[in-house]
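For reference, the structure is listed below as C-alpha cells.
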Number of protein chains: 2
Amino acid sequence: MSQSAVEPTDRKILQLLAEDGRMSFTDLGKATGLSTSAVHQRVKRLEQRGLIQGYGATINHADIGLPLAAFISIRPIDPSQPDDCAARLEHIPEIESCWSVAGEESYVLKVRSTTPAALEDLLARIRSAANVSTRTTIVLTTYYENRPVTGE
Amino acid sequence: MSQSAVEPTDRKILQLLAEDGRMSFTDLGKATGLSTSAVHQRVKRLEQRGLIQGYGATINHADIGLPLAAFISIRPIDPSQPDDCAARLEHIPEIESCWSVAGEESYVLKVRSTTPAALEDLLARIRSAANVSTRTTIVLTTYYENRPVTGE
DNA sequence: TTTGAAAGCGTGAATTC
DNA sequence: GAATTCACGCTTTCAAA
C-alpha cells in the first residue's frame with residue numbers, strides 16, 4: 001500500500017488546501033515561499049498521486065431541506081452470504097458515507113434525510129437492498145464535521 | 001431557525017460546487033445558463049447566507065501518515081455535571097468531527113490517528129478532558145466518505 | 001524551480017430588463 | 001430585484017531554460 005513520506009512543503013500545501021480549497025496558486029505560493037508555477041506543479045502532482053482526492057464545498061444541509069442526519073449501523077442477517085453491502089448500497093443517494101468497521105456491527109453508514117418518515121423509508125430501502133438489520137443513531141447537534149486533520 | 005426554500009438555480013450551483021469546489025465561475029455559468037457575474041453574485045450570496053460554509057480539499061489520510069480512523073462513542077461519567085463535552089474536546093486536533101446523538105451514548109466523535117499506541121493515548125486525553133467513558137469502533141475500510149448529498 | 005507570455009478567469013460598475 | 005455586458009487586472013497554464 002501507499003505512503004511515501006510527504007515532504008514538508010507538500011504537507012503545508014495539503015493543509016492550506018484542506019482549510020481553503022479555493023485558495024489560488026498565487027496565494028499558495030506566497031504562503032509557502034514558492035513561485036506560482038512551482039506550487040501549481042506540486043498541486044498537480046499531489047492530485048495525480050491521489051493525496052488530493054478532490055475539492056468540495058461544505059454545504060449547510062439543515063438549510064437546504066435535509067435537517068436530519070443519522071448513523072446507521074448494520075449487520076448481515078445471513079452471515080453465510082457474500083459480504084458486499086457497500087456495493088449493494090452505493091446507489092442510495094441519501095448515504096453520505098459508508099465504512100466497514102470492527103465491532104458489534106459490520107458497517108456504519110452516515111445518512112441525510114428530510115423527515116422522520118423519509119428516514120423510515122430510507123431504512124427500509126437499506127434493509128432490503130443489503131439484507132441486513134439496522135441500528136439507527138440520530139444526530140442531534142453537529143458541533144463540527146470534517147475539520148482538517150493533517151497531523152503535526 | 002433558517003430554511004428559506006432554495007431556488008432551483010441555487011440548488012444546482014450548490015450541487016456543482018459540492019462535487020467540484022474549485023469549479024470556475026465561468027464553468028458554473030455555462031452549467032447553469034447564466035453569465036459569469038450572475039453566478040458570481042449568487043455564489044457570494046450563498047456564502048453570506050451560510051448555505052456554503054466553506055471549501056476544502058479531500059485529503060487521502062492513509063497516505064499522509066494517518067491510516068487509522070475510528071468512531072469514539074462517549075458517555076458522561078457523572079451525569080449531574082454540565083454537559084459541555086464539545087467545548088472540552090475542541091482543542092484536540094485528532095478529532096475530525098463531533099456530534100451529539102440520541103442513543104445509548106451522548107456524543108460520537110470521529111478521529112484520525114497514526115498507530116494503535118497513538119490512538120490509546122488519544123483516548124486517554126479524551127477521557128480526562130471531558131470526564132467520560134468511551135467505546136471505540138475502528139474503521140476497517142472507507143468505501144466512501146462525504147459524498148455530496150443535496151437532495152432531489 | 002523559475003521566468004515569461006498567452007489565454008482564461010474574477011471582479012466591479014454601469015446598464016438593462 | 002436580478003441578469004448582462006464590458007473592461008481591467010489578476011490567475012492559470014505551459015514552454016523553455
Task: Sidechain N-carboxylate O distance under 4.0 Å for Asp27(A), Arg22(A) - done: no
Task: Candidate pair Ile72(B) and Ile74(B), rule side-chain contact (heavy atoms from CB on, under 4.5 Å), full reasoning - done: CA-CA 6 Å; Ile72(B) 302 177; Ile74(B) 73 188; 3.8 Å; yes
Open item on the list: Need to verify one output field. Residue with the more 5' nearest nucleotide on DNA chain D, Leu34(B) or Ser37(A)?
Closed with: Leu34(B)
Open item on the list: Looking only at the side chain of Arg42(B) (C-beta and beyond, no hydrogens), which of the listed nucleotides dT4(D), dT13(D), dA2(D) gets closest?
Closed with: dA2(D)
Open item on the list: Side chains of Arg127(B) and Thr134(B) only: does a donor on one sit below 3.5 Å from an acceptor on the other?
Closed with: yes
TODO: Check salt bridge (Lys or Arg N to Asp or Glu O under 4.0 Å) between Glu47(B) and all other residues, then give those that pass, not counting sequence neighbours.
DONE: Lys44(B)
Open item on the list: Suppose we call a contact any N or O donor and acceptor under 3.5 Å apart; does that hold for the side chain of Thr36(A) and the base of dT13(D)?
Closed with: no
Task: Toward the 5' end of DNA chain D, by each residue's nearest nucleotide, Gln41(A) or Lys30(A) - done: Lys30(A)
Task: Ring center gap for Trp99(A) and Tyr144(B) short of 6.0 angstrom - done: no
Open item on the list: Under 4.0 Å between a side-chain nitrogen and a carboxylate oxygen: does that hold for Glu94(A) and Arg112(A)?
Closed with: no
Task: Donor-acceptor pair between Ser97(B) and Arg147(A) side chains, under 3.5 angstrom - done: no
TODO: Report yes or no: is the cationic atom of Arg135(B) (NZ for Lys, CZ for Arg) closer than 6.0 Å to the six-membered ring centre of Tyr107(B), at no more than 45° off its axis?
DONE: no
Open item on the list: Five pairs per end, C1' atoms only: what is the angle between the end axes of the helix from dT1(C)-dA17(D) to dC17(C)-dG1(D), to 10 degrees?
Closed with: 30°
TODO: May I ask you to say whether Arg88(B) pairs ionically with Asp83(B), meaning some side-chain N is under 4.0 Å from a carboxylate O?
DONE: no
TODO: Ignoring backbone atoms, establish whether Arg45(B) has a side-chain N or O less than 4.0 Å from OP1 or OP2 of dG1(D).
DONE: no
- [ ] Report which part of the nucleic acid Ser24(B) touches: base, sugar-phosphate, or nothing (heavy-atom distance under 4.0 Å, all strands).
- [x] sugar-phosphate
TODO: Give the first and the last nucleotide of DNA chain C, reading 5' to 3', that has any atom under 4.0 Å from a heavy atom of chain A.
DONE: dT1(C) to dG4(C)
Task: Presence of His40(A) side-chain N/O under 4.0 Å of dT13(D) phosphate oxygens OP1/OP2 - done: yes
Open item on the list: Nearest whole Å is fine: how far is dT13(D) C1' from Lys44(A) NZ?
Closed with: 9 Å
